[in-house]
Amino acid sequence: MLTVELCMGTSCHLMGVQDLVAVLETLPAEQREQIEIKGVTCFKNCGKGPNIRINGELISNATPDRLLEILQANLA
Ligand code: FES
C-alpha cells in the first residue's frame, strides 16, 4: 500500500497540485486500489510547491512525470 498525501493549500493549488490529482485519477483501477490518497492542509513548504508526500517522503516541486515515475516504481 502506498500512501500519497497531497497538499491542498493555496500555494500548492496555484502551483498545479490538481495536475498531480489528475495523474492519480488516470491510473488503472488495480493500481488505484494500492494507493491511499489523503489531503493535507499545508506542508509548510509553500515556496517549493506543489508538495506531496509519498510513504512519508516529502517531494517538492512535484511534476506529473515525477509522480508517475515514483508510482510505477512502487506499484505492481
Ligand atoms: S500550501 Fe502547500 S506547502 Fe503550504
Side-chain angles (χ1 to χ4, degrees):
M1 195 74 174
L2 204 61
T3 303
V4 178
E5 297 166 277
L6 298 133
C7 181
M8 294 292 131
T10 309
S11 294
C12 289
H13 179 74
L14 290 174
M15 292 171 113
V17 80
Q18 64 275 14
D19 295 343
L20 306 174
V21 175
V23 166
L24 296 173
E25 285 171 349
T26 59
L27 293 174
E30 54 278 10
Q31 288 192 329
R32 273 292 291 273
E33 285 163 8
Q34 299 173 54
I35 305 176
E36 185 186 10
I37 301 170
K38 292 183 188 172
V40 172
T41 313
C42 179
F43 285 118
K44 310 282 182 227
N45 196 32
C46 313
K48 293 186 179 172
N51 290 287
I52 58 176
R53 192 161 56 195
I54 299 184
N55 279 359
E57 187 188 342
L58 185 67
I59 295 156
S60 301
N61 302 123
T63 61
D65 283 351
R66 177 87 180 105
L67 174 58
L68 260 181
E69 200 176 283
I70 296 168
L71 293 174
Q72 298 310 345
N74 287 282
L75 296 175

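Every heavy atom of this structure was used, including side-chain atoms; hydrogens, water molecules and symmetry mates were not. Indexing begins at 1, ligand by ligand and atom by atom, following the structure's order. Given the structure is predicted, the values throughout are model-derived calculations rather than measurements.
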Undergrad: At their closest point, which heavy atom of Lys48 faces which heavy atom of Ser60, and how far apart are they?
TA: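 Minimum heavy-atom separation between Lys48 and Ser60: O-CB, 3.4 Å.
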Undergrad: For ligand 1, which atoms, with element, lie under 4.0 Å from some heavy atom of Gly9?
TA: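 Matching atoms, with element in brackets: 1 (S).
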Undergrad: Relative to the heavy atoms of Cys7, which atoms of ligand 1 are at a distance of less than 4.0 Å?
TA: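 Answer, ordered by atom number: 1 (S), 2 (Fe), 3 (S).
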Undergrad: Out of the candidates Leu67, Ile54, Asn51, Leu24, only one should pair with Leu6 under the side chain to side chain contact (heavy atoms under 4.5 Å, CB included) rule; please name it.
TA: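 The option that passes is Leu24.
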Undergrad: So which atom in Leu20 and which in Pro64 form the shortest heavy-atom distance, rounded to 0.1 Å?
TA: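 Looking at all heavy atoms of both residues, the closest pair is CD2-N, 3.5 Å.
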Undergrad: Atoms of ligand 1 less than 4.0 Å from Cys46 heavy atoms?
TA: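 Counting from 1, the qualifying ligand atoms are 1 (S), 3 (S), 4 (Fe).
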Undergrad: Testing the basics here: between Thr3 and Lys38, what is the closest heavy-atom pair and its distance to 0.1 Å?
TA: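 Distance-wise, the nearest heavy atoms are CG2-CE, 4.2 Å.
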Undergrad: Report yes or no: does Cys42 have an N/O/S atom closer than 2.8 Å to atom 2 (Fe) of ligand 1?
TA: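 Not a single backbone or side-chain N, O or S atom of Cys42 is under 2.8 Å from atom 2 (Fe) of ligand 1.
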Undergrad: Evaluate whether atom CD of Glu57 has more than 12 neighbouring non-hydrogen atoms of other residues, nucleotides or ligands under 6.0 angstrom away.
TA: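 Open.
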Undergrad: Does Cys12 bring an N, O or S atom to under 2.8 Å of atom 2 (Fe) of ligand 1?
TA: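 Yes.
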Undergrad: Number the atoms of ligand 1 from 1 as they appear, then name those within less than 4.0 Å of a heavy atom of Asn45, with their elements.
TA: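 Those atoms are 3 (S).
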Undergrad: Any idea which part of Lys44 is under 4.0 Å from ligand 1, heavy-atom wise: side chain, backbone, both or neither?
TA: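 The answer is the backbone.
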Undergrad: Which heavy-atom pair separates Met1 from Ile35 by the least distance, and what is that distance?
TA: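 Heavy-atom minimum between the residues: CE-C, 3.7 Å.
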Undergrad: Quick check: closest heavy atoms across Met15 and Pro50, and the distance to 0.1 Å?
TA: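 Heavy atoms only, the tightest pair is O-CD, 3.4 Å.
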Undergrad: Just which atoms of ligand 1 are under 4.0 Å from any heavy atom in Asn51?
TA: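 Matching atoms, with element in brackets: 3 (S).
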Undergrad: Could you find the nearest protein heavy atom to atom 3 (S) of ligand 1 and give me its residue, atom name and distance?
TA: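 The closest heavy atom on the protein side is Phe43 N, 3.3 Å.
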